[in-house]
Amino acid sequence: MINIKENEKLNIINHSCAHLLAQAVKHLYPEAKFWVGPVIEEGFYYDIDLGDKTLTTEDLPKIEKEMKKIAKDGKRIIRHELTKEEALEMFKDDPYKLDLISRMDDNETTISCYTQGDFTDLCRGPHVDTVKVLKHFKLIKHSGAYWKGDAKNKMLQRIYGVCFETEAELNNYLQELEEAKERDHRKIGKEQELFMTHELVGSGMPLWLPTGALIRHELENYIYQKEEAMGYNHVYTPCVGTVDLYKTSGHWDHYKENMFPMMKVDDEEFVLRPMNCPHHMLVYKNKMHSYRDLPIRIGEFATDFRYEASGAVKGLERVRCMCQNDAHLFVRPDQIGEEFKRVVSLILDVYKDFGIKDYKFRLSLRDKNDKEKYFDDDEMWENAENKLREVLNEMGVEYFEAEGEAAFYGPKLDVEVKPAVGPEVTLSTCQLDFLLPRRFELTYVDSNGEKQTPVVIHRAIFGTFDRFTAFLIEETQGAFPTWLAPTQVEVIPVSSEFQGEYAGNVTEKLKQEGIRAELDDRNEKLGYRLREAQTKKVPYTVILGDNEKQNNTISYRLHGEKETTTLEQEQFINLLKEEIKKKTVRK
Ligand code: TSB
Ligand code: ZN
C-alpha cells in the first residue's frame with residue numbers, strides 16, 4: 001500500500017484535508033478545540049477535544065458532508081506569519097495551541113498559520129492553494145487518544161481520514177484497505193479459532209486455542225531442531241527474578257518503564273521478567289569456562305512480560321505476555337564476526353523456509369544524546385556498532401541504519417516486516433553486548449591461563465512465537481503450508497451411506513502415518529462440506545466416491561484449486577509425507 005506520508009503531493013493534500021476536517025468539526029461542534037493533525041503513512045488524523053462528547057460511527061458521515069460543503073464553497077487557503085507574541089495573543093483562548101506555541105523555540109521568528117474562510121489553524125504548512133481541490137477523501141475511523149499519549153491526561157477524540165487526487169485512486173486505496181482487513185491476523189485468528197482473549201485474563205494476554213497451539217508446537221519443534229544442530233543448549237528458567245537481578249543487569253535503571261511493577265513475597269522483591277538475559281548469564285556463570293569451550297549457546301523458549309500501552313497491544317503481534325525464541329551466545333572477542341554471521345545466515349535460512357520475501361534489515365544504533373536509556377561508554381558503543389557494520393558489509397546484506405532503536409546494552413540488527421494493518425514491526429533480532437558480561441562479572445580462562453570477559457550475542461530468530469505467528473497468519477492469509485496446517489487432510493465421502501466406511505478407513509490410515517486428517521461424514525450435501533473445507537483452508541480435501549472405493553484409490557483437491565487428482569493410497573501418503581518433510585511452501 002502506498003505510503004502517503006512519504007509521497008510529497010499526497011502528503012500536502014492529506015495535510016490540507018486534516019484542516020478541512022477540523023473546520024467541519026468546528027462548524028458542527030463550535031466548542032471543539034484542536035490538538036495536532038499530522039499526516040501518517042495511511043493518510044491523516046486529527047486529535048480533537050470535544051468536551052464530553054464521544055464520537056460514534058454515525059457522526060463521521062455528517063462531518064464528511066460538512067467537509068464536502070466547505071470544499072465546494074472553495075475558499076482560498078492563506079498563509080500568515082506571526083511572531084511568537086502575536087501567536088500567543090491570537091490563540092490565547094486555546095490551551096492546546098498555547099501549549100504548542102510555548103514549546104516553540106524563541107529564536108524561531110516565523111510562526112505560521114493558515115486561514116480558509118472562517119477557520120484558522122496554527123501550522124507549518126505547506127498546503128494546497130484552495131480547499132476546492134480536496135474532493136476525493138474519506139473519513140476512515142475514529143478512536144479515543146490521550147492527550148500527548150499519556151493515560152493521565154484527558155482522552156481526546158481522534159478522527160482518521162485519507163485524501164487522494166482522483167476518485168479512482170481513493171477507491172483503489174479503500175479496496176486495498178478492505179483486503180488488508182481480511183488478512184488481519186485478529187480476524188483470521190478468530191475465524192479459525194487460533195487464539196482468544198478474555199477481559200478476565202487481561203489486556204495483551206492472549207490464550208492459544210488448540211489449533212493455534214498446534215501451529216506453535218510445530219514452530220517450536222522446527223526451530224529447536226535447527227538450533228540443536230547448530231550447537232545450542234536449551235534450558236528452562238523461571239519467568240520471575242528478583243529486583244536485585246535486574247539491578248545487576250541494568251534493566252532496573254534502563255528498562256523499568258517496560259516492566260510490570262515489583263511484587264513482594266516474604267522478604268523477597270520479585271519482578272515478572274521482561275527479558276531472559278540475566279537468567280542466562282547466571283547459567284553461564286554456574287561453572288568455569290575455558291577459551292576452548294566457547295562459543296557457548298544457551299537457548300530457551302522463554303516467557304516474558306512487558307508493559308505495553310493499552311492502546312498499543314494488538315492480537316498476537318504486540319502482547320504483554322510473550323514467549324521469545326531466545327538465545328544468548330557467549331563468545332570470545334575473536335569469534336564475534338563468525339558467530340554473528342551464523343545467526344544472520346540462520347535468519348536468512350528460516351525466512352527462505354517460510355517463503356518470507358518482504359522484509360528489511362535495520363541496523364539499530366543508540367541515540368548518542370539519550371544518556372538515560374543508553375549506558376555511557378562511547379568507545380564500547382563505537383566498537384560494537386562498527387563490528388556489526390563490518391560483518392554486514394562483508395556478507396553483502398542490505399540494511400538501513402536507525403538511530404535510537406538499539407537495546408540499552410548494545411546495537412542490534414533487526415528484521416522489519418509490515419503487518420496487514422498498522423506500522424512495521426520487528427521480527428528477528430541479533431544484538432551485540434559488551435555490557436552485561438561485565439556487569440555479571442562473567443569470565444573464561446584464555447590460553448595463557450588468564451581470566452577474560454566474554455562477549456554476548458542476544459538473538460531471537462522468530463522474535464516471539466506470538467509475533468511470528470501473527471505475521472505468518474497474515475502472510476498465508478490463514479492457508480498454512482501443509483506441515484503447519486492444523487488439519488492437513490479433510491476426508492469427505494460423497495455419501496456417508498455408501499462410502500462412509502471406506503472414508504473412515506482412509507482417515508485412520510492417514511492418522512497412523514502421522515498425518516493430521518479429519519473425516520467429514522456428516523449428513524450434509526457434498527457441496528456444503530466441500531465449501532466448508534475451503535473456508536477452513538485445509539490444504540488437501542480428499543473426496544471419495546464409488547470409483548475410489550472400488551479401486552482403493554483417493555481423489556484430492558488442493559486448497560483454492562478446482563482440479564481433482566486421483567492416486568493410489570500409498571502414492572498419496574508418500575506425496576504428503578514428502579511435502580511435510582520438505583516443509584514445502586506453495587506461493
Ligand atoms: C533477543 N534480550 C533480547 C533477546 O535476547 C531481547 O529481549 N530483545 S528484544 O527486546 O528485541 O525482544 C526480542 C523480540 O521480541 C523482538 O525482536 C520482537 O520480535 C519480540 N517482541 C518484543 N516486544 C513484543 C511484544 N510486546 N509482543 C510480541 N513480541 C514482542
Ligand atoms: Zn537477551
Side-chain angles (χ1 to χ4, degrees), residues 185 195 197 203-206 208 216 219 223 227 232 235 237 239 241 245-246 249-251 254-255 257-260 272-284 297-330 340 343 346-347 350-351 356 359-362 364 373 402 405-417 419 422-437 439-440 442 455-472:
H185 77 279
F195 67 96
T197 49
S203 150
M205 308 274 181
W208 292 67
R216 176 157 156 188
L219 293 176
I223 201 73
E227 289 176 355
Y232 286 55
V235 296
T237 62
C239 58
L245 177 67
Y246 285 94
S249 66
H251 286 83
H254 298 282
Y255 203 71
E257 70 279 13
N258 300 88
M259 291 163 69
F260 275 61
L272 292 170
R273 69 175 171 192
M275 289 194 194
N276 320 301
C277 345
H279 295 72
H280 291 184
M281 302 288 144
L282 297 179
V283 170
Y284 177 89
R297 307 176 182 94
I298 297 174
E300 184 173 358
F301 300 157
T303 301
D304 295 318
F305 295 83
R306 289 187 188 174
Y307 171 73
E308 296 279 1
S310 60
V313 295
K314 178 178 172 199
L316 288 179
E317 184 184 302
R318 188 171 295 280
V319 293
R320 286 176 170 172
C321 171
M322 66 199 80
C323 183
Q324 281 197 37
N325 155 225
D326 202 5
H328 293 93
L329 320 174
F330 299 81
F340 188 71
V343 175
L346 177 59
I347 294 175
V350 167
Y351 282 47
I356 306 171
Y359 61 88
K360 281 189 257 166
F361 278 111
R362 178 183 70 186
S364 304
K373 177 167 176 196
E405 296 288 341
F408 76 83
Y409 45 73
K412 48 186 187 143
L413 179 69
D414 293 320
V415 178
E416 283 212 322
V417 293
E424 283 169 330
V425 291
T426 301
L427 281 185
S428 313
T429 184
C430 182
Q431 316 172 349
L432 194 53
D433 176 7
F434 293 91
L435 180 73
L436 263 51
R439 299 190 75 131
F440 281 91
L442 305 185
V455 179
V456 166
I457 296 174
H458 307 238
R459 46 106 288 175
I461 306 300
F462 284 151
T464 51
F465 290 98
D466 315 81
R467 185 170 287 179
F468 192 80
T469 306
F471 177 73
L472 209 59

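Just so we're clear, the structure is a prediction, and the values are computed from it rather than from any experiment. Along the sequence shown, residues carry numbers from 1. Counting starts at 1 for both ligands and their atoms, following the listed order.
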Could you measure the distance from the [atom1] atom of [X] to the [atom2] atom of [Y]? Nearest 0.5 Å is fine.
{"X": "I461", "Y": "L427", "atom1": "CD1", "atom2": "CG", "answer": "11.0 Å"}
{"X": "D466", "Y": "F195", "atom1": "CG", "atom2": "CZ", "answer": "10.0 Å"}
{"X": "R306", "Y": "F260", "atom1": "CZ", "atom2": "CZ", "answer": "11.5 Å"}
{"X": "T469", "Y": "F462", "atom1": "OG1", "atom2": "CZ", "answer": "8.0 Å"}

- E300 with R273: basic N within carboxylate O range, under 4.0 Å: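 A salt bridge links E300 with R273.
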
- Go around the Zn ion (ligand 2) and count every protein N, O or S atom nearer than 2.8 Å. 3

- Distance-only polar pair, side chains of S428 and Y359, donor-acceptor under 3.5 Å: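 The criterion, which ignores hydrogens and geometry beyond distance, is not satisfied for Y359 and S428.
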
- Query: Which residue, D433, L436, V456, forms the side-chain contact (heavy atoms from CB on, under 4.5 Å) with C277?
  - Reply: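 That would be L436; it is the only one of D433, L436, V456 passing the side-chain contact (heavy atoms from CB on, under 4.5 Å) with C277.
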
- Query: For ligand 1, what is the set of protein residues having any non-hydrogen atom at a distance below 4.0 Å?
  - Reply: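 If the criterion is a heavy atom under 4.0 Å, then ligand 1 touches M275, C277, R306, E308, E317, R318, V319, M322, Q324, D326, H328, Y409, K412, T426, L427, T429, Q431, H458, R459, A460, G463, T464, R467.
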
- Item | Set of residues satisfying side-chain contact (heavy atoms from CB on, under 4.5 Å) with respect to D326, sequence neighbours excluded |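 With neighbours one apart ignored, the set is N276, Q324, H328.
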
- side-chain hydrogen bond (donor to acceptor under 3.5 Å, both in side chains) partners of S203, counting only residues at least two apart: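 With sequence neighbours excluded, S203 shows a side-chain hydrogen bond (donor to acceptor under 3.5 Å, both in side chains) to no residue whatsoever.
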
